[in-house]
There are 2 protein chains.
Amino acid sequence: MAEGLRERKKRETRERISDIATGLFLARGFDNVTVAEVARAADVSVNTVFNYFSTKEDLFADRYDLVVDLPQQVLRERGPGEGVVRAFRRDYLGAIETRDWRYGLNAGNDAFSRVINDSPALTARLRDVHLQREQGLARALAGELGADPGDLVPRVAAAQILAVTRILSERAQAMTLAGEPWERIGPLLTAQAHQAFDLLENGLGDL
Amino acid sequence: MAEGLRERKKRETRERISDIATGLFLARGFDNVTVAEVARAADVSVNTVFNYFSTKEDLFADRYDLVVDLPQQVLRERGPGEGVVRAFRRDYLGAIETRDWRYGLNAGNDAFSRVINDSPALTARLRDVHLQREQGLARALAGELGADPGDLVPRVAAAQILAVTRILSERAQAMTLAGEPWERIGPLLTAQAHQAFDLLENGLGDL
DNA sequence: CACAATTTTGGAGTGACTGCAAGTTGGATA
DNA sequence: TATCCAACTTGCAGTCACTCCAAAATTGTG
């Protein structure tokens, strides 16, 4: 049997809680919704909520593992002979075209980002996710390059690559919040992405 | 008059609370000390503690503004004609020699780092400080380079420079926690610092 | 059907933090 | 010096995230 009744119910309950919580947060803001309210809306006890999610933030972060793994995917799926930085440049440019949500944040203006932005707890969480991303990418890079354990090249490279994507997304979000329409943001972001990745490839030597 | 009785008392109270709190945290760990205990030990009410410090973490972070400003100092005080990355390399190598505490953390093994390390709240705080550092350095760099507002070169450069120092300090701490004596860490860290700063200067182009 | 394992629940804490109203104290003014 | 205002401190009551525990309720098994 693939999944007994017990397991199915657990999964359903978990999803119901997470969905309802996310809905409430989107509607009214993370800090304006109590766990008790989520529990009531999901028709379970507060204790049950904490049985499934160990913190309130986890209620909103249910798919962050995907985000954490993203850079490793880019690395893994790059073309044969394609350089690492090249791959990230290509992927990021593609993400701009498709307004992909996975890079740090989506277009910036939507409800999701707003919820995160005005909750200190959630932004802290986001920084945490970013660190995990760095460390994950560093491990993957180390494997890819056959580096010694203890070699800090992969670690530094991971940090610098993700610093670029992080800052680009930060910019995109700032522009969106400033009211710029996406038609203006897109091209500008593309130009800045090229600039940033150039910097990444060539180094800061001549500063 | 430079400072009335009122102001002096305020300053004294603030310092007393902070000192006593830090002492308690060092002795027993951040999470094992309640604000109520700090208040009692400092002979004030809990409310007074929160009058001076808006969160419990602030009780332990009383001089983080220094840490935030550090990179800007390095930038400001670099020699005439000295490149930006050069200056940071020099400063960091010097910091290794003197086991300077300002770079992220001190040698790693002391009570301070341990307190931070086993408190999630404090490590989150530290990440926050690092972000502020980045943003501060980015501003300073933008001024120094006469960059347009909106130019992302200073922002990226700041992130990459501080990524290097952050990772080096992270390494130092990891080695210390692994029981390595400083005599072994120092030289290794110096070598790794050169490697990392070389990477920073020359870019990741050939990855 | 009964028994065991797992989940759910209620209830009673703890601890950070807030808001308010009532003291208390320092300093300026009459 | 007496007085009064503003700032500071305190106690109290409350909110909310989160924990621990023991008593139901539910589900899978023999």
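Within every chain, numbering begins at 1; the chains are lettered A, B, ... in the order of the sequence lines, protein sequences first and strands thereafter.
- Paired regions of DNA chain D, where each region holds three or more successive Watson-Crick or G-U pairs whose two hydrogen-bonding distances fall under 3.5 Å, are C:1-30 with D:1-30.
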Enumerate the protein-to-nucleotides 5-8 of chain D contacts in which both atoms are nitrogen or oxygen and the separation is below 3.5 Å.
unit_1 : atom_1 : unit_2 : atom_2 : d
D/dA7  : N3     : B/R6   : NH2    : 3.3
D/dC8  : OP1    : B/K10  : NZ     : 2.6

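- Each of B/E57 and A/T48 has a nearest nucleotide on DNA chain C; the 5'-most of these lies closest to A/T48.
- Sorted by first and then second residue, the ring-ring contact (aromatic ring centres under 6.0 Å, His included) pairs with a member in residues 27-53 of chain B read B/F25-B/F30; sequence neighbours excluded.
- Checking B/T22 against B/D19 by side-chain atom types alone, no donor-acceptor pair falls below 3.5 Å.
- Distance A/R8 CZ to C/dT6 C1': 17 Å, rounded to the nearest Å.
- Within the structure, every pair that satisfies the side-chain hydrogen bond (donor to acceptor under 3.5 Å, both in side chains) test and touches residues 185-194 of chain A, not counting sequence neighbours, is listed here: A/R89-A/H194.
- A 4.5 Å side-chain heavy-atom check between A/L141 and A/V84 finds at least one atom pair inside the cut-off.
- Applying the side-chain hydrogen bond (donor to acceptor under 3.5 Å, both in side chains) test to every pair with at least one member in residues 158-168 of chain A, sequence neighbours left out, gives these pairs: A/R166-B/E134.
- In this structure a side-chain-to-backbone donor-acceptor pair under 3.5 Å is missing from B/T48 to B/N51.
- Applying the salt bridge (Lys or Arg N to Asp or Glu O under 4.0 Å) rule to A/R28 yields the partners A/E37; only residues at least two apart in sequence or on another chain are considered.
- By the side chain to side chain donor-acceptor pair (under 3.5 Å) test, B/T123 is found to be paired with no residue, residues two or more places apart in sequence or in another chain being considered.
- For A/R63, the side chain to side chain donor-acceptor pair (under 3.5 Å) criterion is met by no residue, not counting sequence neighbours.
- Straight-line distance from the CG atom of A/L122 to the P atom of D/dA17: 12 Å, rounded to whole Å.
- Remark: A/E170 pairs with B/R155 by the side chain to side chain donor-acceptor pair (under 3.5 Å) rule, at least two apart or across chains.
- The pair B/E15-B/R11 counts as a salt bridge, with a side-chain nitrogen and a carboxylate oxygen less than 4.0 angstrom apart.
- In this structure, A/I17 atom CD1 and C/dT8 atom P are separated by 8 Å, rounded to whole Å.
- Contact of the B/R125 side chain with the B/Y64 side chain is registered, since non-hydrogen atoms from C-beta on lie closer than 4.5 Å.
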Give every pair of a protein N or O atom and an N or O atom of nucleotides 18-20 of chain C that lie under 3.5 Å apart, one pair per line with the distance.
unit_1 : atom_1 : unit_2 : atom_2 : d
C/dG19 : O6     : B/N47  : OD1    : 3.4
C/dG19 : O6     : B/N47  : ND2    : 3.0

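- Following rounding to the nearest Å, A/K56 (NZ) and C/dA16 (P) show an atom-to-atom distance of 18 Å.
- Looking at residues 27-45 of chain A, you'll see A/V33, A/T34, A/V35 sit with a heavy atom under 4.0 Å from some atom of DNA chain D.
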Mind listing the side-chain donor-acceptor pairs of residues 144-153 of chain B below 3.5 Å, one per line with the distance, residues two or more places apart or on another chain?
unit_1 : atom_1 : unit_2 : atom_2 : d
B/E144 : OE2    : B/R78  : NH2    : 2.3
B/D151 : OD1    : B/V153 : N      : 3.0

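- For A/E7 and D/dT27, the CD to C1' distance is 11 Å, given to the nearest whole Å.
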